[in-house]
Protein chains: 2
Amino acid sequence: MSRSNTGVTVEREPAAPIGEPAAPCPVREVLERVSGKWSIQIVIAAAPGPIRFTELERAIEGISRRMLTLTLRSLERDGLIERTVYPTVPPKVVYTLTDPARELYESFLQLMEWAERNRAQITQARRRYDTEATREPLPVS
Amino acid sequence: MSRSNTGVTVEREPAAPIGEPAAPCPVREVLERVSGKWSIQIVIAAAPGPIRFTELERAIEGISRRMLTLTLRSLERDGLIERTVYPTVPPKVVYTLTDPARELYESFLQLMEWAERNRAQITQARRRYDTEATREPLPVS
DNA sequence: CGGCATCCCCCAGGATACTG
DNA sequence: CAGTATCCTGGGGGATGCCG
């Protein structure tokens, strides 16, 4: 094991020179957190309260069992989610957001509200742009 | 031109049934906006005011001329950035954020602040997780 | 139920070169 | 200066199968 390719961008940094507090650039950090296809969706789904594996699977449209596990591990690793196992039969596992994750959720809400506010405008702009005769030479075949 | 492969996820939707206002799910929208490697970085760089192509290129560490162009077009298409050409010689082009983009920028700031506030915690959690004898560290590069 | 392990595909995006 | 046009790759992530 342990050499499987994938892993929700699980990579060690190029090892900053010495004991450097590492890169300050928060943009990258945010992107790493947020730009995966599933991380925030899990955070969002878990925001209302502790949630089980299967519930997550059903709540998040289109996620595969594989990516769910992978992403959960990644979130757990970063201390954003807590995994609790009830050693019953059959097994029961619940995932709970930590405080940082809850803050992340709040901040992300801003973005979603932005998207909602501007959905129409953007769609329109896009349509306009696409139909502008300017380009689209419809060249030789 | 016009059908070159790549393009910052420039694809026509699978054509919603009719004149549907399309999907409501804002998460996806946000991710599409934000999860590219460069979109928000451009927005951030352009936030202080109109900025030229080359200035962007220098401001955004690691971006290629190609991706800069591509991402700019994508932002322009969605009405987030405005392109102004001064027909001088040599040519001069400036890019300016639109209001929606400025709002996006503001919202994104929240996320960056979150990242800064929690940087230490996360790094720590990660280190702890990786050194927990239980499992060996997730793949190293 | 809650996962790992494999195999494989696709496309975002890097490198490079040419142009008005 | 401000782009365009090709060519090519890496790794994110889907599909599938097996296990305690």
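So that the names make sense, note that chain A is the first sequence line, chain B the second, and so on, each numbered from 1.
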Listed partners of Asp78(A) passing side-chain hydrogen bond (donor to acceptor under 3.5 Å, both in side chains), at least two apart: Arg33(A), Arg126(B)

Quiz item: Arg66(B) side-chain donor-acceptor pair to dG3(D) base, under 3.5 Å: no

Pairs under 3.5 angstrom only: tabulate donor-acceptor contacts from the side chains of residues 100-112 of chain B to other protein residues two or more places apart or in another chain.
| residue | atom | partner | partner atom | Å |
| --- | --- | --- | --- | --- |
| Arg102(B) | NH2 | Leu97(B) | O | 2.8 |
| Glu103(B) | OE1 | Arg117(A) | NE | 3.3 |
| Glu103(B) | OE1 | Arg117(A) | NH2 | 2.9 |
| Ser107(B) | OG | Glu103(B) | O | 3.2 |

Any N/O donor-acceptor pair, Arg52(A) side-chain to dG2(C) base, under 3.5 Å: no

Any Tyr95(B) side-chain N or O less than 4.0 Å from OP1/OP2 of dG3(D): yes

For atom CE of Met67(A) and atom C1' of dC9(C), their distance in whole Å: 15 Å

Between dG3(D) (P) and Tyr86(B) (OH): distance, integer Å: 14 Å

Joint hydrophobic cluster, Val89(A) plus Val93(A), side-chain heavy atoms closer than 4.5 Å: no

Atom-to-atom span, CD of Glu32(B) to P of dC11(C) - whole angstrom: 14 Å

For atom CZ of Arg65(A) and atom C1' of dC1(C), their distance in whole Å: 9 Å

Salt bridge (Lys or Arg N to Asp or Glu O under 4.0 Å) contacts touching residues 79-95 of chain B (sequence neighbours left out): none

Arg83(A) side-chain N/O to dG3(C) phosphate OP1/OP2 under 4.0 Å: yes

Residues Leu68(A), Trp38(A); criterion side-chain contact (heavy atoms from CB on, under 4.5 Å); working and verdict: CA-CA 8 Å; Leu68(A) 180 52; Trp38(A) 308 114; over 6 Å; no

Distance, rounded to the nearest Å, where Ile51(A) contributes CD1 and dC1(C) contributes C1': 15 Å

Candidates dA2(D), dG2(C), dG3(D) - which lies nearest the side chain of Arg73(B): dG3(D)

Whole-Å distance separating the CG atom of Leu31(B) from the P atom of dG12(D): 16 Å

Interface with DNA chain D, restricted to residues 53-64 of chain B and to heavy atoms under 4.0 Å: Phe53(B), Thr54(B)

Nearest-Å distance for atom pair NZ/P, residues Lys37(A) and dG11(D): 19 Å

Any pair counted as salt bridge (Lys or Arg N to Asp or Glu O under 4.0 Å), so long as it reaches residues 35-47 of chain A, sequence neighbours left out: none

Co-members of Val94(B) in a cluster of I, L, V, M, F, W and Y side chains, linked at under 4.5 Å: Tyr86(B)

Pairs involving residues 48-61 of chain B, ordered by first then second residue, that meet salt bridge (Lys or Arg N to Asp or Glu O under 4.0 Å) (sequence neighbours left out): Glu57(B)-Arg65(B)

For atom CG of Leu68(B) and atom P of dT4(D), their distance in whole Å: 11 Å

Bending between helix ends of the helix from dC1(C)-dG20(D) to dG20(C)-dC1(D) [5 pairs per end, 10° resolution]: 50°

Member of Thr96(A), Thr98(A), Ile51(A), Ile42(A) meeting the side chain to side chain contact (heavy atoms under 4.5 Å, CB included) criterion with Ile81(A): Ile42(A)

